[in-house]
**Student:** 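Structure provided below as structure tokens; questions to follow.
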Amino acid sequence: MAKKALMGMLPVVFIALVAGGWFLHRHFSEKESKERNKPKQRTEIEVIEEKLKLTAELNTGSYLCTDILTRTESKTLKGWTIPLTEKYFIISYDGIVKAGIRDLTKAQVTQKGNTITIKLPEIEITETEIDNDSFEKLDESNNIFNPVTTEDLNAAQQELKNKMVARAKEKGLLDVAKRNAETILSSMLKSPNSSYQIKIEWL
């Protein structure tokens, strides 16, 4: 009788085991799926690198100036100056020289304890602009044998840009831009909850 009752229970036990196995499989499958689809928690370094990537170029210093350029030249033949071919002109332009970090994605970010060190690319001149509306021709010759051409003015404009960059560097533009970059990036990348400290270094 007991044997018969036991035989009658076997299908129930088997069904229970199958149901239990199916439930556990479904439970762990759903858990694994949730873990897989759950947004990945970004590290502090990844957040900082993303901010640097989005910023890309950072201009932290600028130098405004008005410059005057005088150019004089004559036609030559085999090293000899041809008489009556001298031409000259004097021009004035307003311009701006910008300095900063051209590519922040090259910065190196490391962490030791609660200090994140950011090594930045060196400061450089990022842009030199001349305001064409400010162009003024102060004087020029009217030599029919050697007139002032558009090419002369374009070459003079490039020469002016070079002078502006040299003067901006002499005035300390790169140093100012470097100090400003340290201040701006330290503030921009600081921890919102004081969980880490920012240390700025240079490559």
**Student:** In this structure, are over 12 heavy atoms from other groups packed under 6.0 Å from Lys51 atom NZ?
**Tutor:** yes
**Student:** For residues Leu153 and Tyr93: do they belong to one hydrophobic cluster (side chain heavy atoms under 4.5 Å, members Ile, Leu, Val, Met, Phe, Trp, Tyr)?
**Tutor:**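 Yes, Leu153 connects to Tyr93 through the hydrophobic network.
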**Student:** Enter the distance from Ile101:CD1 to Glu124:CD here, rounded to the nearest 0.5 Å.
**Tutor:**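 Separation between the atoms: 9.5 Å.
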**Student:** So, the side chain of Thr126 versus the backbone of Lys98: is there a donor-acceptor pair under 3.5 Å, distance only?
**Tutor:**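 It does hold such a pair.
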**Student:** Could you tell me if the side chain of Ile118 sits less than 4.5 Å from the side chain of Leu185, heavy atoms only?
**Tutor:** no
**Student:** Taking it one step at a time, do Asn142 and Glu140 satisfy side chain to side chain donor-acceptor pair (under 3.5 Å)?
**Tutor:** CA-CA 7 Å; Asn142 292 305; Glu140 73 172 317; over 6 Å; no
**Student:** Picking from Val148, Asn154, Thr150, what satisfies side-chain contact (heavy atoms from CB on, under 4.5 Å) with Asp152?
**Tutor:**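 Of Val148, Asn154, Thr150, side-chain contact (heavy atoms from CB on, under 4.5 Å) with Asp152 is met by Val148 alone.
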**Student:** Between the main-chain N or O of Gly172 and the side-chain N or O of Glu170, is there a donor-acceptor pair closer than 3.5 Å?
**Tutor:** no
**Student:** From the options Ile130, Val97, Asp67, select the one residue that forms a side-chain contact (heavy atoms from CB on, under 4.5 Å) with Lys161.
**Tutor:**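 Among Ile130, Val97, Asp67, the one that satisfies the side-chain contact (heavy atoms from CB on, under 4.5 Å) with Lys161 is Ile130.
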**Student:** Distance only, no hydrogens: is a donor on one side chain within 3.5 Å (strictly under) of an acceptor on the other, for Tyr88 and Asp139?
**Tutor:**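 Checked: Tyr88/Asp139 side chains pair up, N/O donor to acceptor below 3.5 Å.
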**Student:** Hey, could you give me the CG/CG distance between Leu160 and Asp94, rounded to the nearest 0.5 Å?
**Tutor:** 10.5 Å
**Student:** Is it the case that Asn132 and Gln157 place a side-chain donor and acceptor less than 3.5 Å from each other?
**Tutor:**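 The criterion, which ignores hydrogens and geometry beyond distance, is satisfied for Gln157 and Asn132.
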**Student:** Quick check: are there more than 12 heavy atoms from other residues, nucleotides or ligands sitting under 6.0 Å from NZ of Lys163?
**Tutor:**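 Atom NZ in Lys163 is crowded, with more than 12 foreign heavy atoms closer than 6.0 Å.
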**Student:** For the atom pair OH (Tyr63) and CE (Met164), what is the distance rounded to the nearest 0.5 Å?
**Tutor:** 9.0 Å
**Student:** Does some side-chain heavy atom of Ile125 sit less than 4.5 Å from a side-chain heavy atom of Lys169?
**Tutor:**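 In short, these two side chains touch, coming nearer than 4.5 Å.
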